[in-house]
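Before any comments, here is the structure.
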Protein chains: 2
Amino acid sequence: MATINDVAKRAGVSKSSVSRVLNGNFEYMSEEMKNKILKAVEELNYRPNSVAQSLKKKSTQTIGIIISDISNPFWSEVLKGVQYECTRSGYGLMVSSSGEDAKVELENIITLKNKQVDGLIINTTGRNMDLFNQLEDEMYSFVFLDRFNDDLKTDTVIVNNILGAKQSVQYLIDQGHKRIATLLYPVENKSPRIDRLEGYKQALSENNIPIDEDLIKICSQKSESGIKATKALLSLPNRPTAIFSTNTLLNLEVLRGVREVGLNVPKDVSLFGYDDYPWVPLLDPPLSTVAQPAYQMGAKATALLINRMKRKRKTKPRIVQLDPELKIRSSCLPPSI
Amino acid sequence: MATINDVAKRAGVSKSSVSRVLNGNFEYMSEEMKNKILKAVEELNYRPNSVAQSLKKKSTQTIGIIISDISNPFWSEVLKGVQYECTRSGYGLMVSSSGEDAKVELENIITLKNKQVDGLIINTTGRNMDLFNQLEDEMYSFVFLDRFNDDLKTDTVIVNNILGAKQSVQYLIDQGHKRIATLLYPVENKSPRIDRLEGYKQALSENNIPIDEDLIKICSQKSESGIKATKALLSLPNRPTAIFSTNTLLNLEVLRGVREVGLNVPKDVSLFGYDDYPWVPLLDPPLSTVAQPAYQMGAKATALLINRMKRKRKTKPRIVQLDPELKIRSSCLPPSI
DNA sequence: ATGAAAGCGCTAACAG
DNA sequence: CTGTTAGCGCTTTCAT
């Protein structure tokens, strides 16, 4: 690989001059010299070594993203938005995934920081708050994505999960349902989970429907615990007439659970799910879900980060909240009982 | 951020010694000095700057991957495998996506090379062959993923697409079908497309079924051209009794096309699709598809690359071919006519 | 056993 | 206008 020195020699000039033309600082340079240099660059097919540039400039023009599960289609859509915005602004992207493990998250952050990425987008497990506070103190740029943290005043992009849940459950209530169950993953301190449960409860309360804890099923993220939960729900003496599922995988597990006990969605029990994809309308039955603007979330978080990296001084954190959208299809019917 | 110099000063030693302990070269070092240094490292919470290391060592411990469409769930599963293998071997990962655009692919390769990634995994558009040949000459490490190129002798991971297609079509033939259509994207010179078409043709030939060009539908990757193609197929005077779809999105479009003309899968027409996901069994109807080992493809390609990067000398290229697996469900029935 | 010094490839202040 | 010089933070000879 040719270096700037090779180019300088070939053109018979100093490397500063080469650096100048490459960086566009040639206002005061003779046409002749400029052309000589350009010619040498061309002939050697010279490309500046970004690592050396980074070391000098103390900026890698690269950002990092840490997500919980890279194979989740929701996140790949987010990633597409991140990608787009990175490319548009000339940034590279390093991606890593935490698998919801706080320790792995910590390691990823450290590795990426050592690699000197200029900023970080994090879908945090919510458990490394002291580290985040430290980053904050160092004025290191990062933005939270999808999960909001109350204690930390930093840029965040979230979607209004209370709204999404509330509207879905309201929709079910409008159809005449009163016994509405919900399935969710352990709340821990993850805002989407907290908020979707909150939205569910708010919708019920506002319609004077008492909250029945038996109808709130916390499922494990492993094994097919959504199927079990669904079956348990359906074998209740006073079984629910509708289910609100708060996650893609749970949507599918409910569908399977209902099927396995020989019941039918939506005839025997209605289902409102979360997250939308091209295949959701083609499920049996076409599922009503709340769609999240995944692409925009990624793009917006990236824009926010790049913006923040440009400033020097501390600025007050920006919280961007996007709205979800209900996709009404045919998985919900008025209760049959 | 503390540097190696800060640590050296604090410990009252030279930076060479600090470097030594950090890199494990302390066989001949006094315990005392070693502990002094470790203490200073601890106190300053020192982490080596990877950029400086990279410049010196001429290795970034980072690889790059360029894929066609990052939001395609197939690729996110691949990415997961890549991730896993990278983490396991201490490599960072930069990802970019070409959107099937050869020019973008070219730019991505150049950018990543400038960033000095140690190697590249590429799901190539198949159109920058001169560049790849050049990389080959420079002994730059890269491996092709999913798409094979005959002209280029380089490491490649593919899945046996001829086999996948042939077995699916054979399955349809075994059910009694004779008029079997197929939908695919423009072949260009992309091996999976070529091979799936080839497998389709081989299955027919081996069963003495004449190939009817009217039953081979090339669809555009944009707009919903799969729907249109399906409708055209079904309005043929002698319409096909089964369809073999060669791509996830096309699977869905066929399903919609059939539905839109008021027909039913599998009663009126059978469908065998490509690619498998957790939601495929829950479609209406549960779709028979050929499943590709996406995760393994990613992991294997990464392992291959890392292996290649370690060697200095040219070694003969390794072609790893993985087998797909048929998932038989209920979208195929014997022909009703 | 440890330190001094050179240098990876680049940019930018300074000098002229 | 252009070249010289001094680093960026690290590793690695080469001395001692």
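First the proteins, then the strands, lettered A, B, ... as listed; each starts at 1.
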Exercise. Using a cut-off of less than 4.0 Å, is there contact between a side-chain N or O of S14(A) and OP1 or OP2 of dG3(D)?
Worked result: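 Yes, within the criterion.
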
Exercise. Distance check: side-chain N/O of S17(B) vs OP1/OP2 of dG3(C), anything under 4.0 Å?
Worked result: yes

Problem set entry | Selection from dG9(C), dC10(D), dT11(C) that lies nearest to any side-chain heavy atom of S19(A) |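 The closest nucleotide is dT11(C).
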
Exercise. Which one, dT11(C), dT11(D), dT13(D), comes nearest to the side chain of I4(B)?
Worked result: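 Nucleotide nearest to I4(B)'s side chain: dT11(D).
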
For this session: Could you pick out which residue, L55(B) or N25(B), lies toward the 5' side of DNA chain D when each is mapped onto its nearest nucleotide?
Result: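 First, find each residue's nearest nucleotide; the 5'-ward one identifies L55(B).
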
Exercise. When all nucleic acid strands are considered with a 4.0 Å heavy-atom cut-off, which category describes V51(B): base, sugar-phosphate, or nothing?
Worked result: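 Nothing, no heavy atom under 4.0 Å.
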
Rounded to whole angstrom units, what separation is found between the [atom1] atom of [X] and the [atom2] atom of [N]?
X	N	atom1	atom2	answer
N5(A)	dC8(C)	CG	P	8 Å
R20(B)	dC14(D)	CZ	C1'	11 Å
N23(B)	dT12(D)	CG	P	7 Å
Q53(A)	dA12(C)	CD	C1'	13 Å
Q116(B)	dG9(C)	CD	P	9 Å
Q61(B)	dC10(D)	CD	C1'	15 Å
K15(A)	dT2(D)	NZ	P	18 Å
K58(B)	dG7(C)	NZ	P	13 Å

Exercise. Given the side-chain rings of Y28(B) and F26(B), with only the six-membered ring counted for Trp, is the space between their centroids under 6.0 Å?
Worked result: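 Centroid distance Y28(B)-F26(B): not below 6.0 Å, so no.
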
For this session: Mind listing the residues from residues 26-34 of chain B sitting with a heavy atom below 4.0 Å of DNA chain C? Number order is fine.
Result: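 Within this stretch, Y28(B), M29(B), S30(B), M33(B) sit under 4.0 Å of the strand.
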
Exercise. Between the base of dA4(C) and the side chain of S16(B), is there any donor-acceptor pair under 3.5 Å?
Worked result: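 Yes, a donor-acceptor pair under 3.5 Å.
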
For this session: Check whether the side chain of K56(B) and the base of dG7(C) form a donor-acceptor pair under 3.5 Å.
Result: yes

Seminar exercise, completed: side-chain hydrogen bond (donor to acceptor under 3.5 Å, both in side chains) filter on T154(A), not counting sequence neighbours, yields none

Any donor-acceptor pair under 3.5 Å linking the side-chain atoms of [Y] with those of [X]?
X	Y	answer
S97(A)	K80(B)	no
T60(B)	D118(B)	yes
T3(B)	N5(B)	no

Exercise. Looking at L305(B), V320(B), N307(B), I306(B), which hits side chain to side chain contact (heavy atoms under 4.5 Å, CB included) with V143(B)?
Worked result: L305(B)

Exercise. Which atoms form the tightest heavy-atom contact between A102(B) and N128(B), and what is the distance?
Worked result: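 Of all heavy-atom pairs spanning A102(B) and N128(B), the closest is O-ND2, 3.0 Å.
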
